[in-house]
Amino acid sequence: QVQLVESGGGLVQAGDSLRLSCAASGRTFSGYAVGWFRQAPGKEREFVAAISWSTSRTYYRDSVKGRFTISRDFAKNTVYLAMNTLKPEDTAVYYCAAKLGVAGTRSPSEYDYWGQGTQVTVSS
């Protein structure tokens, strides 16, 4: 198994930026797709972005395109989510997830491994 640990969340003002990190332990991300999901109070967990570790192919939900960037660092075995121009509607617990294979699916049920989440709160 791969174990995931998220970090980088916090409380910011609208328009500010944050960078979330997802570090893997137990094994590398090689052969995996890594995604970011978020869950706001009273709502279902939703897809944010994903990346294939080997190919760097990326996917984003429409509401974050142009504002969020997902990337990976091979040496640190870490995936990042850079979030710019944050909005109050971005407020949620953000989760890192991984699955074998390439990125593409937007369904949380397709991902096998999950981190514990990191809180992002954006005030207006």
Please lay out, stage by stage, how Phe74 and Phe29 fare under the test ring pair (Phe, Tyr, Trp, His ring centres under 6.0 Å). CA-CA 9 Å; Phe74 287 110; Phe29 280 126; over 10 Å; no
Step by step, would you call Lys65 with Asp62 a salt bridge (Lys or Arg N to Asp or Glu O under 4.0 Å)? CA-CA 5 Å; Lys65 288 181 179 178; Asp62 289 342; 3.1 Å; yes
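Side-chain contact check for Thr118 versus Leu20: some heavy-atom pair is nearer than 4.5 Å. Looking only at side-chain heavy atoms (C-beta outward), Gln39 and Tyr95 come within less than 4.5 Å of each other. By the 4.5 Å heavy-atom criterion applied to side chains, Glu89 and Thr91 are not counted as neighbours. Contact of the Trp36 side chain with the Val64 side chain is not registered, since no non-hydrogen atoms from C-beta on lie closer than 4.5 Å. The side-chain heavy atoms of Glu6 and Ser21, taken from C-beta on, include no pair separated by under 4.5 Å. Side chains of Met83 and Tyr94 form a contact here, defined as non-hydrogen atoms less than 4.5 Å apart.
Judged by distance alone, the side chains of Asn77 and Thr28 never bring a donor and an acceptor atom under 3.5 Å apart.
With sequence neighbours left out, the ring-ring contact (aromatic ring centres under 6.0 Å, His included) criterion links Tyr59 to no other residue. Remark: Tyr80 pairs with no residue by the ring-ring contact (aromatic ring centres under 6.0 Å, His included) rule, at least two apart or across chains.
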Let me check something: any side-chain donor-acceptor pairs from residues 101-109 under 3.5 Å, sequence neighbours excluded? List them with distances.
residue	atom	partner	partner atom	Å
Thr105	OG1	Ser107	N	3.3
Arg106	NH2	Tyr60	O	2.8
Ser107	OG	Ser109	N	3.4
Ser107	OG	Ser109	OG	2.8

